[in-house]
**Q** 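Here it is, the structure, as structure tokens.
Order of the sequence lines fixes the chain letters, A, B, ..., with proteins taken first and strands second; residue numbering starts at 1 for each chain.
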Amino acid sequence: MDLFDQLIMNESGSDTGSGEFAAKEEKSSVSERLLDGLNRQQSQAVQHQDGPLLILAGAGSGKTRVITHRIAWLVQVKHVRPSSILAITFTNKAAAEMKSRIEALVGHVSSSMWIGTFHSMLLRILRRYAERLGYTSHFTILDSDDQQRIVKQCYKELSIDDKKFPVRMVHSRISTAKNALTGVEQFAREAGSDFVQEKVAQVYKLYQQILKQNNSMDFDDILFEAVRLLENNEDVLADYQNRFNYILVDEYQDTNHAQYKLVHLLSAVHKNLCVVGDDDQSIYSFRGANIQNILDFEKDFKNCTVIKLEQNYRSTNNVLQAANAVIKNNRGRKSKQLRTELPDGDLITFYRSGDHSEEARFVAREIVRCAEKSTHEQPYGQIAILYRLNALSRNLESALREQGIPYRIFGGTRFYDRKEIRDVLAYLRLILIPEDRLSFARIINTPRRGIGDATVAAVDAISAQTGMAPLEVCAKSDRYPELARASGRLLLFSEMIADFRKKMLADSLTLAELIEAVENDTGLIQEIIDQQEKSSVSDSVDRIENLKELLSDAVEFNSSYIEQLKNVRENPDIAAAEDLENADETLPSVLTSYLERATLYAEMDDDKDQDYVRLMTIHSAKGLEFDTVFLIGAEEGLFPGYRSLESEAAIEEERRLAYVAITRARQKLYISTARSRLIFGQTQAFRVSQFVMEIPAEYLEEIGGSRESRAASHEAYANHSNQPAGRARVQFPGGPAPAAGGRSSTNGFGNYTGSGSATGNNSGSGRFGQSGQMSPVASYTNSKPTADKKQGIDPSTLKRGDKVKHQKFGVGRIEQITPVANDAILVIEFEKQGIKRLMAKMAPLTKV
DNA sequence: CCTGTTAATTTTTTT
DNA sequence: AATTAACAGG
């Protein structure tokens, strides 16, 4: 993170020339520096005085620059107290970037500004006043996986059939209700006699009870409860209203009702609310975002100033015109027309492939070509492949590997969401908070330890009767005849947790050491190793590597946490001080912060300087830009998705998504489709996306067949030799048209043999936790005295056939060594006990 | 009560 | 296609 900050600072530092410049020109130079290079609208936005301000910032219009410069302007020219500035973003990444860019402009005073996401900033407030809402200040935060589990739990208690009421659907309705600030009672009232809504209302009610009982809030509660807090507590509201003289909200088009309400409440006194957004980039309505918030801003705030940023500095003219042409088909939008002074640039390349693997190979080959002719030091780092659904990334992987292209996939299941990681986190949470029911339920039988559903149900029943936490029931299980049979195992479990807890409270371990102890002593790793022999698809290596990765993550966290603590002590007035009010260096304190970050800050970070192709959904590409963009899967039914085909509003959202995708490209845009594609378990034929049809021909070149009109599509599909139509018109840049697709179909099957082996998994340079960029696992133990001495053997000293001696199993011979992180899985045939799988460094082994 | 097998269901996008 | 739920056998 520090490195990242530094990079940003250097970058912005050089383009504003802070140092000598300011010294020379003295006074007015400050404002000159902040306005330098801005166009009229931008500079007007930066200098706007007081009162509501709406900045409609088109894609690539220098939005971030305007925001950061405006904040700097407020501080340095208007002498606004930094601590009275609140800047809200949607992602932690955006917040971090804004923070460092502002710091580059104004220096360390930026640290007393509140810059963060809605969730992080509200959490700060909620912790302080938790008691007023009926929580303790240590309430835990539940992510959507936890939410679904609780809904399922509700189903059991209410005996609701999850076939008739899909968990997903009910969960999302509850979430929608909260985002619309509809509480339990109101929801029940409005449900009326609607059968489905009535059931949802029942679940909602019980769901909230369970959360309260657990002293936890889900993601949506953070917004909901914050509104409740402010509305019902005048003193609190007044405090924050007065405190935040200037409020700035980025990506305003993505706010939902609760967020809208919050912004209104907080800005009501000073009315210095500046919102920045682009209605054309509103793509989160499925999450409750209401595009009306930005469209109605002028109505909501009388005498508000509106500034449109329509000058695009990012894309070539061809790309930009294509984007304009697509988005103008939307009806519900503020009229604007982006323009650029950049040259036309290359035409957009449209490629119609036969099927998905041909598409993937085309993309891979084009990337190689791009990289070869690129003058950039890091040719791959400037390339992105975007798609509508995560599922589409699969096809690309093998093609990219074949060409030896370094890549990394973003999104999908996030690191902290992986099963094995969540298991460890659940242990940690239970160790920290023995009353936690959710974590208990998750891990009581993970790994398998002979405690089945029946036993868990009995424990729950006793817990409900006596009011004891489930873990406590386990500890006293010998007192209950109904638990007699499982009592031994229950006691063992509770003692194990108690033992961990003792160690934690004694503060004799580092965070990483505690995690390592959990991973090893609970048998989590052993279970994964044991599964290796059974399951045909061996992902054990990946999963263990993830667990090792968690260790280095913990080390990293630990040191940055300590540093931040130090920082706060030296400057008590920085904003982060409120988060760390009662924090210290002890393990319980560190662990508390760590768990919170794991739920709230679950994004993978991306080093901008890494030279690999980035694969991500369009959603996660918002706010980013790349020299070259490949948009794949541009097919009717995929993009726009078939679920949105019925509703005009949904199509418009998809179109906005298309607009976002197109405008990510700086210089070159490829759009590709497949005539048929294997997806959702079957091969389907697809037409070209209507969004592609909306791009005027003058901005396109076509390869592998034209985008046929609807009428022509049958005919074209009939003569599926993709030779004729497209080929004639192809102007393949740089040479005689190579048979980009159709010819080499042998490859389509060729890669089958290549995959499957362990090497196949590792050779991909892409996946999280495998690439060299992650910090090495080696050094995760540090200063504090280690509680238990390391055992085992360094795997690098071992080879097949070596004899080893195990404390319990006796002497055995090594049959197989599978490297994992900096350790290895050993398959050992013991003379007496048979074949066992063990981690080289962890097992009590000695060389013979 | 666990385990391994079969059947069924699922597929946006994410703070 | 792949993950997850139900089911039967030990």
Side-chain angles (χ1 to χ4, degrees), chain A residues 88-95 116-123 141-145 147-148 152 161-163 166-169 172 175 178-179 218-223 250-251 254-256 258-259 281-289 356 386-395 410-414 416-417 419 445 447-458 485-486 489 527 530-531 534-537 539 599-604 616-623 633 637-645 650 653-654 656-658 660-661 677-684:
Chain A
I88 305 174
T89 62
F90 269 78
T91 66
N92 295 299
K93 200 169 124 201
T117 63
F118 272 103
H119 290 86
S120 66
M121 155 228 165
L122 293 173
L123 209 55
I141 301 151
L142 307 185
D143 61 24
S144 40
D145 185 72
Q147 294 176 37
Q148 302 228 359
K152 272 186 207 154
D161 182 7
D162 64 349
K163 297 240 165 75
V167 173
R168 269 189 86 85
M169 178 263 262
S172 102
S175 170
K178 288 184 183 177
N179 286 329
D218 65 22
F219 261 125
D220 307 311
D221 283 330
I222 294 178
L223 301 174
D250 193 13
E251 308 282 13
D254 287 329
T255 49
N256 60 36
Q259 291 161 330
Q281 294 186 64
S282 165
I283 55 175
Y284 282 105
S285 73
F286 67 92
R287 200 170 71 194
H356 54 276
L386 307 183
Y387 33 80
R388 177 70 241 265
L389 303 85
N390 274 313
L392 291 183
S393 67
R394 290 255 161 186
N395 307 320
F410 291 81
T413 37
R414 288 190 297 275
Y416 292 109
D417 283 342
K419 258 181 258 122
N445 199 30
R448 310 252 115 118
R449 50 171 72 88
I451 302 174
D453 291 348
T455 306
V456 174
R485 205 187 307 171
R489 292 179 288 247
E527 187 179 53
D530 291 341
Q531 273 168 10
K534 277 291 159 198
S535 82
S536 50
V537 213
D539 63 345
T599 38
L600 218 54
Y601 293 65
E603 296 157 10
M604 300 185 199
M616 63 184 90
T617 63
I618 302 167
H619 278 89
S620 39
K622 188 162 83 151
L638 272 185
F639 187 27
Y642 67 97
R643 313 165 80 106
S644 55
L645 291 175
E653 172 130 339
E654 297 278 307
R656 278 179 242 126
L657 209 43
V660 170
R677 172 186 305 276
L678 177 64
I679 192 153
F680 304 156
Q682 54 194 18
T683 306
Q684 302 177 50

**Q** Using side-chain contact (heavy atoms from CB on, under 4.5 Å), reason through T117(A) and L600(A) one step at a time and then give a plain yes or no.
**A** CA-CA 10 Å; T117(A) 63; L600(A) 218 54; 5.9 Å; no

**Q** NA contact type, K622(A), heavy-atom cut-off 4.0 Å: base, sugar-phosphate, or nothing?
**A** nothing

**Q** Quick check for you: to the nearest 0.5 Å, what is the distance between S172(A) atom OG and F286(A) atom CZ?
**A** 11.0 Å

**Q** Rounded off to whole Å, could you give me the CZ-to-C1' distance for the F90(A) and dT13(B) pair?
**A** 15 Å

**Q** Could you tell me if the side chain of L389(A) sits less than 4.5 Å from the side chain of F680(A), heavy atoms only?
**A** yes

**Q** Looking at dT14(B), dA5(C), dT13(B), which one has an atom nearest to any side-chain atom of R414(A)?
**A** dT14(B)

**Q** What integer distance in Å separates Q148(A):CD from dT4(C):C1'?
**A** 13 Å

**Q** With sugar-phosphate meaning primed atoms plus P, OP1 and OP2, does R168(A) contact a base, only sugar-phosphate, or nothing at under 4.0 Å between heavy atoms?
**A**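 Sugar-phosphate: the residue R168(A), judged by heavy atoms under 4.0 Å, touches backbone atoms but no base.
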
**Q** Using only atom types and a distance under 3.5 Å, with no angle test, would you say the side chain of R489(A) pairs donor to acceptor with the backbone of I451(A)?
**A** no

**Q** Ring centres within less than 5.5 Å and planes less than 30° apart: is that true of F219(A) and dT15(B) in this structure?
**A**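 Here F219(A) meets both the 5.5 Å and the 30° conditions.
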
**Q** Remember a base hit wins even if backbone is also touched, and classify S144(A) as base, sugar-phosphate or nothing at under 4.0 Å, heavy atoms.
**A** nothing

**Q** Let me confirm one number: the OH-CG distance from Y387(A) to N395(A), rounded to the nearest 0.5 Å.
**A** 10.5 Å

**Q** How is D254(A) classified with respect to the nucleic acid when contacts are heavy atoms under 4.0 Å: base, sugar-phosphate, or nothing?
**A** nothing

**Q** Report which part of the nucleic acid G450(A) touches: base, sugar-phosphate, or nothing (heavy-atom distance under 4.0 Å, all strands).
**A**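 Sugar-phosphate, backbone atoms only, no base.
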
**Q** Output yes when at least one side-chain N/O atom of R448(A) is less than 4.0 Å from OP1 or OP2 of dT3(B), else no.
**A**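 Answer yes for this pair, as a side-chain N or O of R448(A) is under 4.0 Å from OP1 or OP2.
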
**Q** Sticking with atom P, work out how far dT11(B) lies from dA6(C), rounded to a whole angstrom.
**A** 15 Å

**Q** Mark yes or no for a side-chain to base donor-acceptor pair under 3.5 Å between R643(A) and dT12(B), with no hydrogen or angle criteria applied.
**A**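 Looking at the base of dT12(B), it does not pair with any donor or acceptor on the side chain of R643(A) (distance under 3.5 Å).
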
**Q** Nearest to the side chain of K152(A), which nucleotide is it out of dC1(B), dA5(C), dT14(B)?
**A** dA5(C)

**Q** Considering every strand and a 4.0 Å limit on heavy-atom distances, what is the contact class for I451(A): base, sugar-phosphate, or nothing?
**A** sugar-phosphate

**Q** Using whole Å, what does the distance between atom P of nucleotide dA2(C) and atom CD1 of I679(A) come to?
**A**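 The distance from CD1 of I679(A) to P of dA2(C) comes to 13 Å, rounded to the nearest Å.
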
**Q** Please state how far atom CZ in R485(A) lies from atom P in dC2(B), giving the value in whole angstrom units.
**A** 10 Å

**Q** Taking atom C1' in both dT13(B) and dT4(C), compute the distance separating them and give it to the nearest angstrom.
**A**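 Their C1' atoms lie roughly 22 Å apart.
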
**Q** Please check the phosphate of dT13(B) (OP1 and OP2 only) for any side-chain N or O of N390(A) closer than 4.0 Å.
**A** yes

**Q** Check the distance between dT14(B)'s P and I222(A)'s CD1 and give it to me in whole angstrom.
**A** 19 Å

**Q** Of A454(A) and H619(A), whose nearest nucleotide on DNA chain B comes first from the 5' end?
**A** A454(A)

**Q** How many angstroms lie between atom CG of L386(A) and atom CD1 of I618(A), to the nearest 0.5 angstrom?
**A** 6.0 Å

**Q** Classify F118(A) by what it touches in the nucleic acid, base, sugar-phosphate, or nothing, heavy-atom distance under 4.0 Å.
**A**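 Since no nucleic acid heavy atom lies under 4.0 Å of F118(A), the category is nothing.
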
**Q** Need one value for A391(A): base, sugar-phosphate or nothing, where a base atom within 4.0 Å counts as base even if backbone is also close, heavy atoms only.
**A**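 Since no nucleic acid heavy atom lies under 4.0 Å of A391(A), the category is nothing.
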
**Q** Is the aromatic ring centre of F286(A) closer than 5.5 Å to the centre of the six-membered base ring of dT13(B), with the two planes inclined by less than 30°?
**A** yes

**Q** Between OG1 of T89(A) and CD of E251(A), what distance do you get to the nearest 0.5 Å?
**A** 8.5 Å

**Q** Between L389(A) (CG) and dT12(B) (P), how many Å, whole number?
**A**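 Taking atom P of dT12(B) as the reference, CG of L389(A) is at 8 Å.
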
**Q** Please determine, for the side chain of L678(A), which listed nucleotide (dT15(B), dA1(C), dC1(B)) has the closest atom?
**A** dA1(C)

**Q** Could you state the CZ-P distance from R287(A) to dT15(B), rounded to the nearest angstrom?
**A**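 These atoms are roughly 6 Å apart.
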
**Q** Specify the separation, in whole Å, of atom CZ of F639(A) and atom P of dT11(B).
**A**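 Going from CZ in F639(A) over to P in dT11(B) covers 20 Å.
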
**Q** Please tell me which of E654(A) and R449(A) maps to the more 5' nucleotide of DNA chain B, matching each residue to the nucleotide holding its nearest heavy atom.
**A** R449(A)

